[in-house]
Asks: 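Structure provided below as structure tokens; questions to follow.
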Amino acid sequence: MKKIGPRIAFFLALTFFAAPASAFSVPERLVYDVTWSGMKAGSALLEVTPSGDELRLTNTIRSTGFVSAFFKIDDRTESVTTRAGRPKFFRENKREGSYRAAREATFNFSTLTANSVDLQKKIETTAPITPRTYDNLSSIYFIRGSDLPPGRAIFFDIYDTKRLWNTEVRVVRRQEVTTPLGKFKTVMVTSRLKHNGEEAKVGNATFWFTDDDRRIPVRITTTMKVGEVTLTLVGGI
């Protein structure tokens with residue numbers, strides 16, 4: 001396999017990080033109902049807030065009612081990025097049933113490394129990344145800022161504080177989606193994660209983004225330890 005030259009590599013890196021923040025509103029606050037097996041299971045919130053020359057992205061998912069009685073979910077993830085969308089810092093706190101996790105990562109694109117800390121186990125590691133690496137949350141906004149014609153495939157990497165996932169995003173088709181806020185014309189996009197050729201058991205997702213400049217995710221399905229859950233937009237736009 002031929003090695004690519006430094007100029008081409010630099011151009012490719014710029015291409016991957018060309019996702020403009022203008023693809024979504026800043027600040028932005030999107031509210032979702034969470035359903036599991038057809039039942040109302042909780043609520044979720046996606047937010048973008050400006051902070052100087054940075055953006056702070058946050059996502060919370062919390063279970064309610066019957067689901068909380070046997071499988072409580074209380075997840076919060078945060079990502080700090082440049083205005084162009086390149087991740088600088090990522091933190092996640094998860095409670096899913098008996099599972100607990102508290103981890104954070106700092107990205108250094110000068111050395112192409114990520115420094116991670118497991119806050120529960122008090123373990124610190126340094127891992128290699130690529131110029132096209134995002135975290136779990138900033139990757140969503142990278143996709144939103146991308147051109148999404150049906151049939152397109154986008155390849156990049158996601159570092160989740162433990163390993164680097166090779167990610168393939170495919171724009172499947174245009175589709176009309178009905179939500180409590182009304183009908184939306186959307187583009188359906190699938191995201192699949194692999195590590196050493198093996199597909200992730202959780203974290204794979206399908207998005208329905210509005211077919212306009214804002215690319216608002218009006219519906220998201222994702223796999224969690226409890227199974228597949230669906231987030232449906234109910235407010236905030």
Side-chain angles (χ1 to χ4, degrees), residues 4-30 45-60 76-93 103-117 124-148 152-171 189 191-195 200 203-205 207 209 213-217 220 222:
I4 60 175
R7 290 185 180 180
I8 297 176
F10 179 68
F11 172 75
L12 289 174
L14 288 179
T15 301
F16 271 105
F17 286 110
S22 59
F24 48 89
S25 298
V26 179
E28 181 181 73
R29 187 176 188 271
L30 303 175
L45 183 65
L46 274 173
E47 289 185 285
V48 184
T49 54
S51 178
D53 60 353
E54 298 175 339
L55 295 176
R56 182 175 296 274
L57 319 175
T58 60
N59 176 36
T60 58
R76 179 180 175 86
T77 56
E78 301 175 68
S79 178
V80 177
T81 74
T82 65
R83 286 277 180 164
R86 175 176 285 191
K88 299 175 72 173
F89 178 77
F90 175 77
R91 177 188 290 121
E92 65 176 6
N93 288 278
R103 293 186 289 259
E104 60 186 35
T106 303
F107 295 83
N108 188 327
F109 286 95
S110 298
T111 60
L112 288 181
T113 57
N115 185 68
S116 301
V117 181
E124 186 171 342
T125 57
T126 299
I129 60 174
T130 66
R132 61 184 188 276
T133 297
Y134 294 86
D135 57 58
N136 295 345
L137 191 51
S138 63
S139 61
I140 298 175
Y141 293 87
F142 165 68
I143 299 170
R144 288 180 65 182
S146 301
D147 189 24
L148 300 177
R152 185 184 182 191
I154 306 172
F155 300 90
F156 57 96
D157 298 308
I158 292 178
Y159 182 68
D160 68 353
T161 74
K162 293 189 296 184
R163 59 183 60 87
L164 193 67
W165 294 95
N166 305 128
T167 306
E168 178 183 0
V169 165
R170 289 198 172 271
V171 186
V189 177
S191 174
R192 294 294 177 266
L193 286 67
K194 290 185 178 181
H195 178 70
N204 292 315
F207 303 90
F209 297 109
D213 291 341
R214 289 187 65 186
R215 296 286 193 233
I216 297 170
I220 305 170
T222 187

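Residue numbers count from 1 along this sequence.
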Asks: Report the residues that fulfil side chain to side chain donor-acceptor pair (under 3.5 Å) with T222, sequence neighbours left out, ordered by chain and then residue number.
Replies: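 T222: no side chain to side chain donor-acceptor pair (under 3.5 Å) contacts found.
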Asks: How many angstroms lie between OG1 in T81 and CG in L137, if you round to the nearest 0.5 Å?
Replies: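 Between T81 OG1 and L137 CG, I get 9.0 Å after rounding to 0.5 Å.
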Asks: To the nearest 0.5 Å, tell me how far S146 OG sits from Y141 OH.
Replies: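 Answer rounded to 0.5 Å: 14.0 Å.
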Asks: To the nearest 0.5 Å, how far apart are CG in N166 and CG in L193?
Replies: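 Between atom CG of N166 and atom CG of L193 there are 9.0 Å.
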Asks: In Å and rounded to the nearest 0.5 Å, what is the CG to OG1 distance from D135 to T161?
Replies: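 The distance works out to 10.0 Å.
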Asks: Considering non-hydrogen atoms only, spot the tightest contact between V48 and S25 and give its length.
Replies: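 That closest heavy-atom pairing would be CB-O, 4.5 Å.
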Asks: Compare every heavy atom of E54 with every heavy atom of R83, then report the nearest pair and how far apart it is.
Replies: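 Smallest interatomic distance, heavy atoms only, reads NE-O, 3.9 Å.
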Asks: Just how far is it from atom CG of L164 to atom OG1 of T130, taken to the nearest 0.5 Å?
Replies: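 OG1 of T130 is found 5.5 Å from CG of L164.
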Asks: Compare every heavy atom of A114 with every heavy atom of Y159, then report the nearest pair and how far apart it is.
Replies: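 What the structure gives for the nearest pair is CE2-CB, 3.6 Å.
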Asks: Which pair of heavy atoms, one from A153 and one from R170, lies closest together, and at what distance?
Replies: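 A153 and R170 have their closest heavy atoms at CB-NH1, 3.5 Å.
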Asks: Considering residues at least two apart in sequence or located in another chain, which fulfil the side-chain contact (heavy atoms from CB on, under 4.5 Å) criterion with N115?
Replies: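 side-chain contact (heavy atoms from CB on, under 4.5 Å) list for N115, sorted by chain: V117, E124, T126.
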Asks: Of all the heavy-atom pairs spanning I129 and F109, show the shortest one and how long it is.
Replies: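 Looks like CD1-CE2, 3.8 Å.
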Asks: What residues form a salt bridge (charged side-chain N to carboxylate O under 4.0 Å, His left out) with R56, not counting sequence neighbours?
Replies: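 So R56 forms a salt bridge (charged side-chain N to carboxylate O under 4.0 Å, His left out) with E78.
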Asks: Run the side chain to side chain donor-acceptor pair (under 3.5 Å) test against T77 and tell me which residues pass, sequence neighbours left out.
Replies: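 Applying side chain to side chain donor-acceptor pair (under 3.5 Å) to T77 gives none.
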Asks: Can you list everything that forms a side-chain contact (heavy atoms from CB on, under 4.5 Å) with D160? Sequence neighbours excluded, please.
Replies: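 So D160 forms a side-chain contact (heavy atoms from CB on, under 4.5 Å) with N136, K162, R163, W165.
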Asks: For E47, which of L57, L30, T58 qualifies under side-chain contact (heavy atoms from CB on, under 4.5 Å)?
Replies: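 Going through the options one by one, the only one that passes is T58.
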Asks: Backbone N or O of R214 within a donor-acceptor pair of the R144 side chain at under 3.5 Å?
Replies: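 Yes; at least one donor-acceptor contact below 3.5 Å.
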Asks: Looking only at non-hydrogen atoms, find the nearest pair between D147 and I154 and report the distance.
Replies: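 That closest heavy-atom pairing would be O-CD1, 4.4 Å.
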Asks: Name all residues meeting the side-chain contact (heavy atoms from CB on, under 4.5 Å) criterion together with T60; count only those two or more places apart in sequence or in a different chain, and write none if there are none.
Replies: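 Per chain and number, T60 pairs via side-chain contact (heavy atoms from CB on, under 4.5 Å) with L45, R62, R76.
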Asks: Test of understanding: with side chain to side chain donor-acceptor pair (under 3.5 Å), list the residues that count as partners of T167, not counting sequence neighbours.
Replies: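 Testing T167 for side chain to side chain donor-acceptor pair (under 3.5 Å), a comparison that skips the adjacent residues, returns none.
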Asks: Rounded to the nearest 0.5 Å, what's the gap from CD on E92 to CG on N59? Could you check?
Replies: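 CG of N59 is found 11.0 Å from CD of E92.
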Asks: For a 4.5 angstrom cut-off between non-hydrogen side-chain atoms, does R103 reach S116?
Replies: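 R103 vs S116: side chains apart.
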Asks: Taking only residues two or more places apart in sequence, or in another chain, which ones meet S139 in a side-chain contact (heavy atoms from CB on, under 4.5 Å)?
Replies: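 Y134, F156, I158.
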Asks: With distance as the sole test, does R152 use its side chain to make a donor-acceptor pair with the main-chain N or O of V171 at under 3.5 Å?
Replies: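 No; zero donor-acceptor contacts below 3.5 Å.
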Asks: According to ring-ring contact (aromatic ring centres under 6.0 Å, His included), who are the partners of F207, at least two apart in sequence or on a separate chain?
Replies: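 If we apply the ring-ring contact (aromatic ring centres under 6.0 Å, His included) test to F207, skipping adjacent residues, the hits are F209.
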Asks: Got K88 and F107 here, is their nearest side-chain heavy-atom distance under 4.5 Å?
Replies: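 Of all side-chain heavy-atom pairs linking F107 with K88, none is under 4.5 Å.
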Asks: Output all residues satisfying side chain to side chain donor-acceptor pair (under 3.5 Å) with T106, sequence neighbours left out; order by chain, then residue number.
Replies: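 None.
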